[in-house]
Amino acid sequence: MNIRRQLEERLSAALLAAVGKPMPAMVAPAAKAEFGDYQANGIMAAAKAAKTNPRKLAEAVLAKVDLSGLSEKVEIAGPGFINIHLRNEFLTAGVNALAADARLGVPPPDRPQRVVVDYSAPNLAKEMHVGHLRSTIIGDCLANLLVFTGQDVTRQNHVGDWGTQFGMLLAYMDRLGQSGQSADISDLEEFYRSSKALFDSDEDFARTARDYVVRLQAGDEHCRRNWESFLDQSLRHCEEIYQALGVRLTRADVYGESAYNADLPKVVGDLRAKGLLKESQGAQCVFLDEFKDAEGLPLPVIVQKSDGGYLYATTDLAAIRYRVGTLHADRILYVTGSPQALHFAQVFAVARKADFAPGDVQLEHIGFGSMLGPDGKPFKTRAGGTVKLMELLDEAKKRAYELVTGKNAADVAAGRANELDEQQRREVARAVGIGAVKYADLSQNRTSDYVFSFEKMLALDGNTAPYMQYAYARVMSIFRKAGLEVESVQASPIQLDQPQERALGLKLLQFSEVIDSVAANCQPNLLCSYLYDLARDFTGFYEACPVLDSPEPVRSSRLALSAGAARVIRTGLDLLGIQTVEQM
RNA sequence: GUGCCCGUAGCUCAAUUGGAUAGAGCGUCGGCCUCCGGAGCCGAAGGUUACAGGUUCGACUCCUGUCGGGCAUACCA
């Protein structure tokens, strides 16, 4: 059940009847408690369009609207807002339905969309570093969320497994082999560095490396075998990272640049056949009027270099064709950094022009800002190198372990918590440490840069993963104390008598609204702030409304309400890719 | 040069896409533990939303200009 949508539909219908033209009622949760539960903001705009007085129009809308059963009081306020106070019986029925619903009030879609989510996409020549973190975290969250809403999701890991650097790496593997050393690429970073150093200093080796690229592309069996073995080891490293992060990407989702290799000449051929191609300075280009250079001339999208090679625009065009033609995508999300905005705008424009992507296929670049260090500059090690992802995650877990260990000891001394053994503390530290890294990223507006700070993300207070996990553990401690399972009480009838119960119930019912917006706008920070609000509403309820000490049927009602809160928090965090723990 | 993004409390960030008196957290100050986990709760102070104009019932949001920052801008991805 989506309250907002119900109100929107009914009010929009009344608005249509009143002005004779379809106009959105613009229903939103009320900005302030005194304005009720929801407000309609669309009357003023509609009045302007219809050239009538907004307050009069509001009256006309209220005369026509059918909100029976939903609202107990509707008011016109200010220049023409409509404030809606919902009936308690309506909310109560909704909360009881949510408690019984495995999907927590999120309706399945009328027709599932096939959505391709392209994210993570590490370069397999090197070890994963912090530059891959945001794409991996944000993309995985969006994929989880779309799956939950019932869409048909295909994850695509567009790994960098092709290009000149692999010639260098393969040549280096062989050189080590010839001199009797085994090519140890367990430390990818070290292997890449050594081969790069040789490539830069030794002209002979550089020539050999370039020759290897040609051999690899020509399908030379030896090169091919070494290449595959290299990729296998590199992917194994990625999988360790994904596992450590709790990211749901697998081998089956890997569809790298090399997969499009054979298709690149066809892409260029098709563009030529459609008359979109122009040669310029020896390169094959598509010129687009909507992108201009300094002189106001159309900007080129180069799809084939003057030496015959292809570029990432070509690969991305081939990928669009594959995703539309073979995967039957209705919507494709590209989770990559904001600096690539122009690139994707160009690729999308070419894809439309060439009809690789029909107009009804949504192409969206889900851009994000950079991760900055505490100094506000790009996140680097003290020595100025790139930070390896595994080391970052290890440090997060280590810090979380110290935090958890110290806090648990204090809580045990104060008689507030059970003592956790070593094993339990390690598990909690993993959930908290990794959760902190992810939550800090996801709770931020995607498009802005953000400052990475272990201290802030592992802070004991505020809008952090530890706070959310604590809130969950606290709900669960009620059930532990009562000797009950969440599932065993969730069907009890819920009443919303106290204001705090009503506020919590309404918040639970808004879960589906938030899920809707996040799915539409790809803004996980909205889900974070919703969960934070929910946790605070729960705390308000918890402080004001005794659960276990209340007489029946209030006790059962409050237990069921708590169960609902626990399930929504757990589900919400799970969509963010964050684990919950029962005790901490 | 041109294009895109950004500039909000001392700090880190929000603001439901044009809605009502711009909200949280941290930090600061003041309260609350015979009470289901105080990693908590309640309250206070803190703002010319970079600046100057404009559009309208209404602007952090849209338009113009200025200042400051980031990114991109033909053969890396």
Side-chain angles (χ1 to χ4, degrees), chain A residues 4 26 28-32 34-35 39 41-42 44-45 47-48 53-54 77-81 83 121 123 160 162-165 257 280-285 291-296 299-307 309-313 315-316 336-343 345 367 369-370 403 407 410-411 414-418 443-445 447-451 453 455-456 459-464 466-467 469-471 473-482 513-514 517 521 523 525-526 529-530 532-533 536 539-540 542-550 558 562 583-584:
Chain A
R4 185 177 183 169
M26 306 277 290
K32 286 181 190 301
E34 60 199 89
F35 298 154
Q39 60 185 64
N41 300 326
M44 282 87 78
K48 188 191 285 187
N53 178 291
F81 295 98
N83 292 337
N123 178 357
W162 200 249
T164 52
Q165 48 201 330
E257 290 169 3
S280 172
Q281 297 173 32
Q284 300 301 318
C285 310
F291 302 99
K292 312 258 189 221
D293 69 2
E295 277 88 52
L299 215 55
V301 179
I302 303 178
V303 294
Q304 189 170 21
K305 300 196 281 183
S306 48
D307 68 1
Y310 302 98
L311 295 106
Y312 72 140
T315 310
D316 278 333
T336 73
S338 299
Q340 295 194 50
L342 177 61
H343 164 71
S370 313
L403 202 66
K407 195 59 201 174
D411 280 347
R416 284 199 294 265
N418 298 327
S443 61
Q444 210 90 176
N445 185 326
T447 55
S448 46
D449 292 349
Y450 94 96
V451 177
S453 158
E455 285 77 14
K456 291 220 166 94
L460 311 177
D461 317 288
N463 189 7
T464 63
Y467 176 91
Q469 288 164 319
Y470 170 71
R474 198 153 66 151
V475 183
M476 295 312 289
S477 82
I478 298 174
F479 293 95
R480 191 166 49 251
K481 190 144 285 184
E513 298 173 17
V514 174
S517 332
N521 305 325
Q523 296 184 320
N525 65 308
L526 297 179
S529 75
Y530 166 81
Y532 184 61
D533 286 346
R536 305 184 98 199
T539 313
Y542 181 81
E543 302 255 331
C545 306
V547 177
L548 297 178
D549 294 339
S550 293
R558 289 181 178 168
S562 300
Q583 301 183 58
M584 56 193 290

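- To the nearest 0.5 Å, the span separating CG on A/D316 from CD on A/Q340 amounts to 8.0 Å.
- Taking the side chain as every heavy atom from C-beta outward, A/N418 and A/R480 approach each other to under 4.5 Å.
- Nucleotides B/A14 and B/G53 place their P atoms 28 Å apart, quoted to the nearest Å.
- Here B/A72 is the nucleotide among B/C57, B/A72, B/A20 with the atom lying nearest to any side-chain atom of A/P339.
- Regarding A/H343, its NE2 atom lies at a distance of 19 Å from the P atom of B/C5, rounded to whole Å.
- For the pair A/Q39 (side chain) and A/F81 (backbone), a donor-acceptor distance under 3.5 Å is absent.
- Residues A/L342 and A/F291 are in side-chain contact: their nearest non-hydrogen atoms beyond the backbone lie under 4.5 Å apart.
- When the C1' atom is compared between B/U8 and B/A24, the two are found 13 Å apart, to the nearest whole Å.
- Listed nucleotides: B/G38, B/A77, B/U17. Nearest to the side chain of A/Q523: B/U17.
- In this structure, the aromatic ring of A/Y470 is not positioned over the six-membered ring of the base of B/G37 within 5.5 Å between centres and 30° between planes.
- In this structure a side-chain-to-backbone donor-acceptor pair under 3.5 Å is missing from A/Q444 to A/Y450.
- Computed from coordinates, the A/L342 CG to B/C4 C1' distance equals 8 Å when rounded to whole Å.
- Considering only side-chain N and O atoms, A/R416 lies nowhere under 4.0 angstrom from the phosphate OP1 or OP2 of B/C36.
- Residue A/S448 places at least one side-chain N or O under 4.0 Å from the OP1 or OP2 atom of B/A14.
- Nearest to the side chain of A/K48, among B/G23, B/A39, B/G58, sits B/G58.
- Map A/Y310 and A/V547 each onto its nearest nucleotide of RNA chain B; the residue landing nearer the 5' end is A/V547.
- Annotation: B/A52 and B/C67 have their C1' atoms spaced 11 Å apart (nearest Å).
- Residue-level contact check: A/A47 touches neither bases nor backbone, having no heavy atom under 4.0 Å from any strand.
- Nucleic acid contact class of A/E513 (heavy atoms, under 4.0 Å, all strands): none.
- One interatomic measurement links the two molecules: CZ of A/F291 to P of B/G3, which rounds to 14 Å at whole-angstrom precision.
- Looking at heavy-atom distances under 4.0 Å, A/L548 makes contact with a base.
- Nucleotide B/C33 is shown with a syn base, its glycosidic torsion being within 90° of 0.
- In this entry the distance linking CG of A/N123 with C1' of B/C76 reads 11 Å, nearest Å.
- Atom CG of A/D449 is separated from atom P of B/C11 by 17 Å (rounded to the nearest Å).
- Here, B/C13 and B/G47 have their C1' atoms 15 Å apart, quoted to the whole Å.
- Under 4.0 angstrom from either OP1 or OP2 of B/U16 there lies no side-chain N or O belonging to A/N41.
- Residue contacts for A/S338: at a heavy-atom cut-off of 4.0 Å it reaches no nucleic acid atom on any strand shown.
- Residue contacts shown for A/Q284 are absent, as no nucleic acid heavy atom lies under 4.0 Å away.
- No N or O donor and acceptor, one from the side chain of A/Q340 and one from the base of B/A77, sit under 3.5 Å apart.
- A/Y542 qualifies as a stacking partner of the B/C36 base, centre to centre under 5.5 Å and near-parallel within 30°.
- Proximity of A/K292 to the phosphate of B/U2: no side-chain N or O atom is located under 4.0 Å from OP1 or OP2.
- Comparing the same atom, C1', in B/C60 and in B/C6 gives a spacing of 13 Å after rounding to whole Å.
- Residue A/R474 has its side chain nearest to B/G37 when only B/G19, B/A72, B/G37 are considered.
- Taking the side chain of A/Q583 as heavy atoms from C-beta on, and the options B/G37, B/U21, B/A15, the nearest nucleotide is B/G37.
- When heavy atoms are screened at a 4.0 angstrom cut-off, A/V451 is found touching the sugar-phosphate backbone but no base atom.
- The partner of B/C29 is B/G43, by the rule that a Watson-Crick or G-U pair needs both atom distances under 3.5 Å.
- When the nucleotides B/U16, B/C41, B/G37 are ranked by their closest atom to the side chain of A/A28, B/U16 comes out on top.
- Here B/U17 is in the syn range [glycosidic angle within 90° of 0].
- Residue A/N83 places a side-chain atom within donor-acceptor reach of the base of B/A20, judged by atom type and a 3.5 Å distance cut-off alone.
- If you check every strand for non-hydrogen atoms under 4.0 Å, A/Y467 touches sugar and phosphate atoms only.
- Residue A/T464 places no side-chain atom within donor-acceptor reach of the base of B/A39, judged by atom type and a 3.5 Å distance cut-off alone.
- Taking atom CE of A/M26 as the reference point, atom C1' of B/G19 lies 8 Å away to the nearest angstrom.
- Heavy atoms of A/A283 sit under 4.0 angstrom from at least one base atom.
- If you check every strand for non-hydrogen atoms under 4.0 Å, A/S477 touches a base.
- In this structure, A/L311 reaches the sugar-phosphate backbone alone: every heavy-atom distance under 4.0 Å involves primed, P, OP1 or OP2 atoms, never a base.
- When each of B/A39, B/G37, B/A20 is scored by its nearest atom to the side-chain atoms of A/L403, the top-ranked nucleotide is B/A39.
- Residue-level contact check: A/K407 touches the bases, meaning some heavy atom is under 4.0 Å from a base atom.
- If you take atom P in B/A9 and the same atom in B/U48, they sit 9 Å apart, rounded to whole Å.
- At a threshold of 4.0 angstrom between heavy atoms, the contacts of A/Q281 include nucleobase atoms, whether or not backbone atoms are also involved.
- OP1 and OP2 of B/C26 both lie 4.0 Å or more from every side-chain N or O belonging to A/N463.
- Comparing the P positions of B/G18 and B/C62 gives a spacing of 7 Å, expressed to the nearest Å.
- What separates OH of A/Y450 from P of B/C13 is a distance of 10 Å, to the nearest Å.
- Among the nucleotides B/A39, B/A77, B/C57, the one closest to the side chain of A/M44 is B/C57.
- Applying the 4.0 Å criterion to OP1 and OP2 of B/G23, one finds that A/Y532 has every side-chain N and O outside that range.
- Considering only the side chain of A/D411, B/A39 comes nearest among B/A39, B/A14, B/U16.
- Under 4.0 angstrom from either OP1 or OP2 of B/A24 there lies no side-chain N or O belonging to A/R536.
- Atom NZ in A/K456 sits roughly 14 Å away from atom C1' in B/A24 (whole-Å rounding).
- Look at the P atom in both B/U34 and B/C26: the space between them is 24 Å, to the nearest Å.
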